[in-house]
Number of protein chains: 2
Amino acid sequence: MARDERRARGTRSAGRTSGEAGAPTGGIREVARAAGVSVATVSRVVNGTAVVRDETKRRVETEIARLRYAPHAAARSLITNRTSTVGVVLPDIWGEYFSEVIRGIDLAARQAGYHVLVSSSHSDAAETRDVLRAMNGRVDGVVVMAPHASPRALSSAMPAGLPSVFLNSAPGGADAPSLSVDNRGGARAMVAHLLALGHRRLALLNGPGSNRDAAERRRGAFDAARAAGLAAESVLEIQGDFAEESGRVAGEELLRRSPRPTALFAANDSMAIGALYALRRARAAIPADVAVAGFDDVPIARFASPPLSTVRHDIRSLGERALARLVAEIDGRGDGLPAREVLPFHLVLRYSTEGIDTETTTEPSRPPRAGAPTPEPTTDRRRKAR
Amino acid sequence: MARDERRARGTRSAGRTSGEAGAPTGGIREVARAAGVSVATVSRVVNGTAVVRDETKRRVETEIARLRYAPHAAARSLITNRTSTVGVVLPDIWGEYFSEVIRGIDLAARQAGYHVLVSSSHSDAAETRDVLRAMNGRVDGVVVMAPHASPRALSSAMPAGLPSVFLNSAPGGADAPSLSVDNRGGARAMVAHLLALGHRRLALLNGPGSNRDAAERRRGAFDAARAAGLAAESVLEIQGDFAEESGRVAGEELLRRSPRPTALFAANDSMAIGALYALRRARAAIPADVAVAGFDDVPIARFASPPLSTVRHDIRSLGERALARLVAEIDGRGDGLPAREVLPFHLVLRYSTEGIDTETTTEPSRPPRAGAPTPEPTTDRRRKAR
DNA sequence: TTTTCGCATGAAAACGGTTACAGAGCGATG
DNA sequence: CATCGCTCTGTAACCGTTTTCATGCGAAAA
């Protein structure tokens, strides 16, 4: 059946001068026959790997154009063992975040001469493994973001000898390099900002329990609380799931509390925006009654009402860096480089915590050394044009 | 050089019981040797293409797991002539629009058992051709969106015999099927809506001249104007480039005009939002002084101030349909299907034209027959919850 | 003239799978 | 006991390239 299909696609064309109509291979061989040269010569013309006499070359090029010949990538990579393609494995191609990661990867890949093979929406570890399997032989390496799977499980799911880079994975265990957003540092800085504004009754709106980013953001928030001398018990924790709706629910929940928290830090912007919605609906003044902050700086954060203070991390550059690192790995230049890289973040302070209508942004935090606590970035108030 | 790399990656392991350490092939052959069977048997176990004795199967599976063997996709697709991959060629993975298309494609692809190979940010026709070339042999078919290239040029750039589907390309010329958003119908309906509100002095904010979507939206707008008996000369046209900034500039321009237009239709939401910004800044009342409408219904349209009336077309389903069509093409079931499909749209009416704080949405317009003019959808005012 | 190059080209061996075909083993049937 | 049929497994051809190695040929060197 597959065989029949194949035959069906072969570009049939009778032999040239010699009348033999047999073997309509339809690939490089057909070009070779048409141009009256050997396949080796055609290959040399296509790749420019050796010098070919001018007239021969022209003849070959003519036939290539006429037959619309394009080399079969699979065959080529079988022998060269290079695909010029990198794989990207993501939980989803969902909304702002992931599409931005992909975009960063794609941009960098293009520049480095690689294609990008995406695979997304795999929910569990088994599916991730299958996807990684399927990538073997069609990519030179993979960028993997699997917030659920343990790095150990991930490493063992990796086909033997396939270069890889992990995104936002847990620190230890894996033997592949990994890049991360500074979840902990960002959350720490934002909560420190809230506390510096005088807030003492803090609410935390957490992300899904299984999500690593969420867990680290929570940890960062507690770092800051502890540093400011706040008892862990005095922090109200509400469970969310990163979706806007759960933020709305949490906003209502918060309002019902009798010593009502005066500041809410949500583990991502979607939830923060949901909470803003609920709070405004209940006529709570923001930030006078409740200050709200999020994480990610998604595009609509700026347009929320009121505009949302948040932690910006450059998602695109996360993708770009990941790709650069992967290419290094593929080229065998990866050994000298650090196994773990943490990307800087900015604090973006807007009306929802500041109560004034301009936007201030901190310097990008220098990437912290792995594990070392990040001191709060010194929030220098440069007014930004818009 | 390439050869050395290849050697370097081969999983080296000494032969088993028989002491011969030679030929560390590291693929299916190594598994076969380790399990004491032939490669054919291993292949059968991997693919389940034939029945294998239970005990043999177990032995093979053990070795596969132990050696972390994953079949080499390139080798496999060389013989089967199937890659289980579809290519997607886009101008960019830019923002809301394209990421949503990709998402639709990816979702559908996953379900149909295909991988997705993206290639983006190719700017000119030559680059598109190279990209398409490079896809040959690594995909079973391609979805191409190339708003700049002529369909004729595109067809001729296509490697011989590669199934393809075009997105938003010009109607004629190509022999591949194409899917489109109903740009003309959507614009026509929105402008008809503006005119129905009583506006007579209309401004059009056009997209970039080379862009086909932009041109069709413009045409649709003029359809509606003509139908309402408006002279073409009385319509103010302003040139934009789809970017928010150009909308801002256009807004200022509009304000300077002495018979000031009372309604602005922008060819996309970004520009509409830029215009809103400029108008509000100049203290123009919206929609009392100037009504504003856009196209696309990007997520922030709802959050703009005031919320923006716009034309929604389901971008994700554009991707999904495109993929479904491509798969049909790949499976050879494409011949009976229509060569051109136009997707329905909705009118989403918000404050920026209506002046009231709720949102109404029309029924999805039935997909028009190719070329036939779309009558304005009957705007039934069902209030939507949110 | 013969030898020695260098250049342009061709023949054939890989690459790692899949699969048509043949064959071995073995119980059932005539 | 010979034959058949069934189940399982192995051998080898093939997919479309790249690349090594050999070769023919004309010009330069001896």
Side-chain angles (χ1 to χ4, degrees), chain A residues 1-7 9-11 23-33 35-57 59-60 64 67 69-84 136-138 159-161, chain B residues 1-7 9-11 23-33 35-57 59-60 64 67 69-83 134 136-138 159-161:
Chain A
M1 186 279 229
R3 181 157 288 266
D4 296 354
E5 279 178 48
R6 171 147 32 94
R7 292 243 179 281
R9 241 189 83 189
T11 316
T25 53
I28 197 174
R29 254 171 278 257
E30 187 175 11
V31 176
R33 195 143 32 88
V37 298
S38 74
V39 293
T41 300
V42 177
S43 174
R44 287 191 269 253
V45 169
V46 170
N47 301 303
T49 44
V51 53
V52 175
R53 195 153 48 94
D54 248 18
E55 195 241 315
T56 314
K57 188 170 176 178
R59 229 172 42 237
V60 171
I64 288 179
L67 297 168
Y69 165 72
H72 193 285
R76 179 183 270 178
S77 59
L78 185 56
I79 183 73
T80 59
N81 208 35
R82 297 215 77 222
T83 61
S84 301
N136 191 37
R138 51 180 55 151
Chain B
M1 186 278 231
R3 182 158 286 267
D4 296 354
E5 278 177 48
R6 173 151 27 98
R7 290 240 179 284
R9 244 189 81 189
T11 316
T25 55
I28 196 177
R29 260 168 268 261
E30 185 175 12
V31 176
R33 194 143 33 87
V37 298
S38 76
V39 293
T41 300
V42 176
S43 174
R44 286 190 269 254
V45 169
V46 170
N47 300 303
T49 44
V51 54
V52 174
R53 195 152 50 96
D54 248 19
E55 194 241 314
T56 313
K57 188 170 176 178
R59 228 169 46 233
V60 171
I64 287 179
L67 296 169
Y69 165 72
H72 193 283
R76 178 182 271 177
S77 58
L78 186 56
I79 182 74
T80 59
N81 208 36
R82 299 216 75 224
T83 60
N136 191 36
R138 50 180 54 149

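Here is how names work: the chains are called A, B, and so on, in the same order as the sequence lines, proteins then strands, and each is numbered from 1. Since we're looking at a predicted model, the values are computed, not measured.
Contact between K57(A) and V52(A) at its shortest, heavy atoms only, is N-CG1, 3.9 Å. Nearest approach of V31(B) to V60(B), heavy atoms of both residues: CG1-O, 4.3 Å. The shortest non-hydrogen separation linking G137(A) to T83(A) is O-CG2, 3.8 Å.
Listed pair T41(A) / dG10(C) meets the phosphate criterion, a side-chain N or O lying under 4.0 Å from OP1 or OP2. Side-chain nitrogen and oxygen atoms of S38(B) include none within less than 4.0 Å of the OP1 or OP2 phosphate oxygen of dT11(D). Considering only side-chain N and O atoms, T56(B) lies under 4.0 angstrom from the phosphate OP1 or OP2 of dT9(D).
With the nearest nucleotide of DNA chain C identified for both A40(B) and A74(B), A74(B) has the one nearer the 5' end.
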For nucleotides 23-28 of chain D, print each protein N/O atom paired with a nucleotide N/O atom at under 3.5 Å, atom names and distance only.
none

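In this entry the distance linking OH of Y69(B) with C1' of dG17(C) reads 7 Å, nearest Å. Computed from coordinates, the R76(A) CZ to dG16(C) C1' distance equals 18 Å when rounded to whole Å. Summarising the geometry, the separation between CD on E55(B) and P on dG25(C) is reported as 17 Å, rounded to the nearest angstrom. Note: CD (E30(A)) to C1' (dT17(D)) measures 15 Å, nearest angstrom. Taking atom CG on L78(A) and atom C1' on dG16(D), their separation rounds to 9 Å, with Å as the unit. Taking atom CZ on R29(A) and atom C1' on dA11(C), their separation rounds to 12 Å, with Å as the unit. One interatomic measurement links the two molecules: CZ of R59(B) to C1' of dC8(D), which rounds to 12 Å at whole-angstrom precision. Straight-line distance from the CG atom of L67(A) to the P atom of dG16(D): 15 Å, rounded to whole Å.
The stretch residues 44-53 of chain B comes close to DNA chain C through N47(B), each having a heavy atom under 4.0 Å from the strand.
Contacts of V39(A) classified as side chain to side chain contact (heavy atoms under 4.5 Å, CB included), with partners at least two apart in sequence or in another chain: I28(A), R29(A), A32(A). Residues passing the side chain to side chain contact (heavy atoms under 4.5 Å, CB included) test with A70(A), sequence neighbours excluded: R133(B), N136(B), P159(B). Applying the salt bridge (charged side-chain N to carboxylate O under 4.0 Å, His left out) test to R59(B) and every residue at least two apart in sequence or in another chain returns E55(B).
Looking at the side chain of I79(A), the nearest of the listed nucleotides dA12(D), dC15(D), dG16(D) is dG16(D).
Here CD1 of I64(B) is found 12.0 Å from CD of E30(B). Values are rounded to the nearest 0.5 Å.
Comparing the end axes of the helix from dT1(C)-dA30(D) to dG30(C)-dC1(D), each fitted to five base pairs by superposing C1' atoms of four pairs onto the next four, gives an inter-axis angle of 70° (nearest 10 degrees).
The list of side chain to side chain donor-acceptor pair (under 3.5 Å) pairs with a residue in residues 69-79 of chain B, not counting sequence neighbours, reads N47(B)-R76(B).
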